[in-house]
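Remarks on the structure that follows.
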Amino acid sequence: MTPSAADPSRTNEIPDTSETSKTSKTSKIPETSEKLVTSEAPERAVGVGPHPLPWPEGEHWDPELLQHGDRRNVEDRFRYWRREAIVTELDAHRHDLHVAIENLEHDANIGSVVRTANAFGVGAFHIVGRRRWNRRGAMVTDRYQHEIHHPDAADLIAWAREQSRPIVAIDLVPGAMPLEHTTLPRNALLVVGQEGPGVSAEILAAADLVVGITQFGSTRSINVAAAAAIAMHSWILQHAEIPDGPVR
């Protein structure tokens, strides 16, 4: 739920309606309270400014970014790099995992799923249904990923069979096995459905595995973007080489 914006009509004065102070129209909030209300935390700078001279040499450097700075949503190791150079570097280390999202109703969660796929080095993401999708949640991370579009579920299923990729549907349906106790195939195609309807019946019927995330509360399900993130991270724990030590 989005927090409501502050009312611009509010001031640092509160009307005084008491019987003992009818001659006074208002009473002022103490000065210290005003400071607490109006003070704001400084904004954290994102990215880096122009690169100092002399500039580094190499084809992966972007002259425009070197000159004007790099405020993109990328790891520090990729600062000032051309987008194509970043994609090439990522391609050399991507995981053999794909994730598909059904886009039958223009789901706003797709961007978050794509952003997580980028963070986990997923080989490619698939959009099933509508070609256009809400990219806001992706935070531009889709520009560094490989996107494959399928007009319908049948096309996705045919692609998976042709590529010998097991389809793993993520949904809380009767017969779904606990994700926590399931070994995911190394070359899995994880599929999540729409928020609400879940994975389509056609994909559920064709899936090699149907798994669900074990829950312990009162809600019927968790957000589809959160479910996708949990499923991808489960694959990471099973198959990725995770280095020891600090993550930063």
Side-chain angles (χ1 to χ4, degrees), residues 2-3 39-101 107-127 132-149 170 184 186-190 192 213 222-248:
T2 304
S39 62
E40 296 182 357
E43 293 185 4
R44 187 176 65 175
V46 177
V48 291
H51 195 288
L53 295 174
W55 288 350
E57 296 182 358
E59 293 185 357
H60 62 287
W61 301 108
D62 188 317
E64 289 291 323
L65 296 174
L66 290 170
Q67 181 176 0
H68 300 292
D70 188 353
R71 305 296 179 184
R72 299 172 300 173
N73 179 23
V74 297
E75 289 266 3
D76 288 343
R77 62 193 173 110
F78 292 131
R79 290 296 176 200
Y80 305 113
W81 281 37
R82 294 183 297 106
R83 185 185 70 86
E84 296 80 7
I86 295 176
V87 172
T88 299
E89 177 65 18
L90 292 176
D91 284 346
H93 305 284
R94 292 190 197 275
H95 294 124
D96 193 17
L97 170 69
H98 285 214
V99 60
I101 315 106
D107 197 327
N109 289 286
I110 294 177
S112 296
V113 177
V114 171
R115 182 179 180 182
T116 303
N118 176 290
F120 290 146
V122 168
F125 70 91
H126 302 246
I127 303 297
R132 296 185 61 184
W133 53 277
N134 190 331
R135 297 177 184 267
R136 176 176 296 182
M139 299 289 288
V140 200
T141 56
D142 55 297
R143 297 189 64 205
Y144 307 95
Q145 292 297 109
H146 297 293
E147 176 179 352
I148 303 173
H149 175 256
I170 313 296
L184 299 173
R186 178 175 289 275
N187 64 335
L189 170 62
L190 302 180
V192 294
I213 298 167
I222 61 176
N223 174 270
V224 66
I230 292 171
M232 283 186 269
H233 193 253
S234 295
W235 187 97
I236 291 294
L237 291 176
Q238 294 178 17
H239 299 293
E241 295 183 6
I242 303 175
D244 296 327
V247 295
R248 283 286 188 272

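Values below: all heavy atoms of this structure, side chains included; hydrogens, waters and symmetry mates excluded.
Under the 30°/60° scheme for interplanar angles, the aromatic rings of F125 and W133 are found to stand perpendicular.
Side chains of I230 and I222 form a contact here, defined as non-hydrogen atoms less than 4.5 Å apart. By the 4.5 Å heavy-atom criterion applied to side chains, R79 and V74 are counted as neighbours. Looking only at side-chain heavy atoms (C-beta outward), V87 and R94 come within less than 4.5 Å of each other. D142 places none of its side-chain heavy atoms less than 4.5 Å from the side chain of N118. In this structure, I127 and I148 have side chains that are not in contact, with every pair of non-hydrogen atoms separated by 4.5 Å or more. Side-chain contact between R82 and W61 is absent, with no heavy-atom pair separated by less than 4.5 Å.
Within the model, atoms CG of L190 and CG of L184 stand 6.5 Å from one another, a figure rounded to the nearest 0.5 Å. In this structure, the separation between OH on Y80 and CG on L65 is 8.5 Å, given to the nearest 0.5 Å. Distance check: M232 CE to I170 CD1 gives 9.5 Å after rounding to the nearest 0.5 Å. Atom-to-atom distance recorded for N187:CG and H239:NE2 is 9.0 Å, nearest 0.5 angstrom. Here the straight-line distance linking atom CG of L97 with atom CG of L189 works out to 8.5 Å at 0.5 Å rounding. With rounding to the nearest 0.5 angstrom, the CD1 atom of I86 is 12.0 Å from the CG atom of D91.
Between R248 and E75, at least one side-chain nitrogen of the basic residue sits less than 4.0 Å from a carboxylate oxygen of the acidic one, meeting the salt-bridge criterion. D96 has no carboxylate O lying under 4.0 Å from a charged side-chain N of R186, or vice versa, which leaves the two without a salt bridge. The pair E147-R135 meets the salt-bridge criterion, with a side-chain N (NZ, NE, NH1 or NH2) lying under 4.0 Å from an Asp/Glu carboxylate O.
For the residue pair N109 / N223, a side-chain donor-acceptor distance below 3.5 Å is found, with atom types taken as modelled. Under 3.5 Å, the side chains of R115 and Q145 contain no donor-acceptor pair of N or O atoms. No hydrogens or angles considered: nothing links the side chains of H51 and D70 as a donor-acceptor pair under 3.5 Å. Under 3.5 Å, the side chains of H126 and H98 contain a donor-acceptor pair of N or O atoms.
A pairwise comparison of heavy atoms in L66 and P56 identifies CD2-CD, 4.1 Å as the closest pair. The minimum heavy-atom distance linking L237 with I242 is given by the pair CD2-CD1, 4.1 Å. The minimum heavy-atom distance between A240 and H95, with the atom names listed, is CB-NE2, 3.7 Å.
No more than 12 heavy-atom neighbours from other residues, nucleotides or ligands sit within 6.0 angstrom of CZ on R136.
For F78, the ring-ring contact (aromatic ring centres under 6.0 Å, His included) partners at least two apart in sequence or on another chain are W81.
With ring centers used as reference points, F120 lies under 6.0 Å from H233.
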